[in-house]
Every structure is written in structure tokens, then in C-alpha cells.
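Below is one structure; the comments refer to it alone.
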Amino acid sequence: MVFELYLGIALFLDLVFGDPRWYPHPVKIIGKASLWFEEYFRKVLRSPKIAGIATTTATLLVSIGVLVILFKIAMSFGEAIEIILAILLLYSLIAVKDLVRHSREVYIALYPSENINEARMAVSQIVGRDTAAMTSTEISRACVETVAENMVDGITAPLFYAVLFSFFSVYVPFSDIAMAAIGMLAYKTVNTMDSMFGYKNSRYLEFGWAPARLDDLVNFVPARLSGLTVVLGAFLLKYNSRSSLKVFLRDRLNHASPNAGHTEAALAGAFGIQLGGPSTYFGNLVNKPFVGDPERKISADSILAANRLILVSAGIFLFFCLFLRFIFI
């Protein structure tokens, strides 16, 4: 139960303090490193796709390599230092409170006064679409979609790889919580590169192929498990779990990403709302496939309900992962 205790401490720190800003954030360092590798490999390699593969590989190896070195140094000072370093890294790489906090800022702007300009400003911090002309309904929809998608990127997938990598502690000279930190960092490295290079524009269409495909691969299992736990969460919270399962099975692939639609579909079904549809990106209208059925109008209250469902579902997801760890270790 020691591993569970250390992981619980990291989660507690995130829930209380949120994203730490008092020291260089690992994701920002990874981002800067990947930009440096991009510049270097674009110069030395003619093919953008090969340069993208090289950048992805180098960034991933350097990120993991640096962390391994840090853990070796920490171990020389004692096991307690290694554990503290691992907990701090896990805490900095989980994004539960920030996801809830940013979405609540949108809710506060919309309810009860409906300050549309403030709401547009708040939602622009968490979505990539154009927000200047959004209505309150469109703002709420965008926020709910982001909460559902980021459940995987910010919470469940990082936890999945933390628990998965802890299995390998018997083969390496690191503790299980240190291996969990390495696994979570490896995932966040891939996810960060996809968010930076995974654009389908002239600059990154070929270069971003490698990080985008790798991100699709590492999210394949967590996204599907997350969708199923949203159905279970809907059941526990007495939302419409039957509709959640129906829409999950029917609409989970109605998305440009092979993974992003699973939690969206399960959540939309639970609330009887419809996500997707037309959105504007950089001045261009994009008609996304619809997810769910428009039985109820999306409102600011949908944001709070989405937060509640995502938190409970993420708890179920973690319990499932730790249960499997208990069985096999």
C-alpha cells in the first residue's frame, strides 16, 4: 500500500495547490527542448517527416534520460530523496485542479450575470477555436467538450502510465513510485509534442506525423477505458447511464481524433446533450460530426455537471488501475 500512499499524496497536492508555478514546470522544459530539436533536425534532414521522427525520438529519450539521471543522483542521497522527487514530479504532471479551476472560471462568468465578454476570455484559455463571436451556449459547449477531452490527457492517461510503469520496478534499480514518475513523464512528453506539432497545416502536416501518431497510440487504451468509466460514473451519480453507454458505443468515433470522442460521447449521453457541430478555427468554419442527442440545451450548469462526472469517473479509473496492480504485483 506504500505506492498507493505516495500516489495519493501527489494527487492530494494537485487537488489542493493545482499546477505548481514556483519552479520550472517539466512540460515547459519539454516544450523548449522539442523546439530546439525541431530547429536542429529541420536543418540537417531534408525530409520534414524524418525530421519529425528524429525530433520525437530525441525529445523522448532526452526527457526520460534526464529524469533517470536525476533519480540516480537522488538515490545517492537516500531513498527518501528519491521518493520526494517522484512525488513532486507526479504532482506537477497531473492536472486535475487546473482543469476544474479553468472550467469553473467560465461558469462563473456565465452564471448568474452572463458576462459574455469575460466568458469568452475565460474559455479562450482552454480551447483552440475562435471565441470572439461565441454565444453563451457555444461557450458552454466548448468548455464541456474540453473538460471531457482533457480528462484523458490531463488525468486518466497520465495515471494509467504511472501505474503501468510501476510494474517494471522489479527489473530496474528504482522504486515503483520513481518508475511511476518516469511513466507519467514519458506520456506527457508525447502529449506535449502532439499539442505543439500535431497541426494539419503546411508547416506541420508531415513534420507532426510522428508525434501525432504516437499520441494516438499511447492514448488508445486510456481513452477507451475512460469512456467506460464515465458510463459507470454516470450510474453512480444517477445521470442517464443507459443513454451514456448507448451514445458511447454509437458516437465515440465521431471525431477527427481516434481517441478524443470516447469521453465526449459518454458524457453527452449521460446529460442528454449534443456536442460537436460547427466551430471556427483561425477564421475557418469546421463542421465537426455531432456527438449525442439534443434532448437538453447546453448551459453553464452543464459545465459544473461535467466537472462532477469527470472527477468521479477519474476516481473509478484510478481504482481500476490500482486494483489490477494489486492483483498482478
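Every value quoted in this text rests on a predicted model; they were computed, and no experiment measured them.
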Are [Y] and [X] linked, directly or through intermediate hydrophobic residues, by side-chain heavy-atom contacts shorter than 4.5 Å (ILVMFWY only)?
X      : Y      : result
Val231 : Ile316 : no
Val221 : Phe317 : yes
Phe37  : Trp209 : yes
Ile30  : Leu61  : no
Leu237 : Leu245 : no

Rounded to the nearest 0.5 Å, what separation is found between the [atom1] atom of [X] and the [atom2] atom of [Y]?
X      : Y      : atom1 : atom2 : answer
Leu85  : Ile177 : CG    : CD1   : 11.0 Å
Asn150 : Thr263 : CG    : OG1   : 9.0 Å
Ile94  : Leu99  : CD1   : CG    : 13.0 Å
Ser34  : Asp194 : OG    : CG    : 11.5 Å
Glu118 : Met121 : CD    : CE    : 9.0 Å
Thr192 : Ile29  : OG1   : CD1   : 11.5 Å

Does the [X] side chain pair with the main chain of [Y], one donor and one acceptor, at a distance under 3.5 Å?
X      : Y      : value
Thr57  : Ala54  : no
Glu138 : Thr135 : yes
Arg141 : Gly276 : yes
Ser166 : Val163 : yes
Asn240 : Ser243 : yes
Asp251 : Gly292 : yes
Arg296 : Phe271 : yes
Lys288 : His255 : no
Asp98  : Asp19  : yes

Within 6.0 angstrom of [X] [atom1], more than 12 heavy atoms from elsewhere:
X      : atom1 : result
Arg213 : CZ    : yes
Arg104 : CZ    : no
Met196 : CE    : yes
Tyr204 : OH    : yes
Glu4   : CD    : yes
Phe167 : CZ    : yes
Arg242 : CZ    : no
Glu295 : CD    : yes

A side-chain contact here means heavy atoms from C-beta on lying under 4.5 Å apart; do [X] and [Y] qualify?
X      : Y      : value
Val127 : Glu145 : no
Leu267 : Ile310 : yes
Leu228 : Phe248 : yes
Leu90  : Tyr6   : no

For a side-chain hydrogen bond (donor to acceptor under 3.5 Å, both in side chains) check, start with the C-alpha distance between Asp153 and Tyr187, then their side-chain angles and the critical distance, and finish with the verdict. CA-CA 9 Å; Asp153 292 345; Tyr187 170 78; 3.3 Å; yes

Thr55 and Phe41: which non-hydrogen atoms are nearest, and at how many Å? OG1-CD1, 3.6 Å

Give the minimum heavy-atom separation between Ser103 and Ile303, together with the two atoms involved.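 Looking at all heavy atoms of both residues, the shortest contact is O-CG2, 3.5 Å.
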
Let's go through Leu70 and Met75 carefully: what are the C-alpha distance in whole Å and the side-chain angles of both, what is the deciding distance for side chain to side chain contact (heavy atoms under 4.5 Å, CB included) to 0.1 Å, and is it a yes or a no? CA-CA 9 Å; Leu70 288 175; Met75 287 174 63; over 6 Å; no

Parallel, tilted or perpendicular, judged at 30° and 60°: which one describes the rings of Phe168 and Phe165? perpendicular

Steps toward side chain to side chain contact (heavy atoms under 4.5 Å, CB included) verdict (Leu7, Leu159): CA-CA 9 Å; Leu7 186 59; Leu159 289 172; 4.2 Å; yes

Testing the 3.5 Å rule here: is there a donor-acceptor pair between the side chains of Ser140 and Ser302? no

Quick one: do the Arg120 and Thr131 side chains pair a donor with an acceptor below 3.5 Å? no

Show every salt bridge (charged side-chain N to carboxylate O under 4.0 Å, His left out) that has at least one partner inside residues 166-184, sequence neighbours left out.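 Only Asp176-Arg325 qualify under salt bridge (charged side-chain N to carboxylate O under 4.0 Å, His left out).
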
Run the ring pair (Phe, Tyr, Trp, His ring centres under 6.0 Å) test against Phe320 and tell me which residues pass, sequence neighbours left out.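 None.
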
Checking Phe174 against Ser169 for the side chain to side chain contact (heavy atoms under 4.5 Å, CB included) test, could you report, in this order, the C-alpha distance in whole Å, the side-chain angles of both residues, the deciding distance, and whether it holds? CA-CA 6 Å; Phe174 296 127; Ser169 62; 6.0 Å; no

Under 6.0 Å from the ring centre and within 45 degrees of the ring axis: does the NZ or CZ of Arg203 meet both conditions for the six-membered ring of Phe207? no

Assess whether side chain to side chain contact (heavy atoms under 4.5 Å, CB included) is satisfied between Val123 and Met134, documenting all intermediate values. CA-CA 10 Å; Val123 80; Met134 276 186 172; 4.2 Å; yes

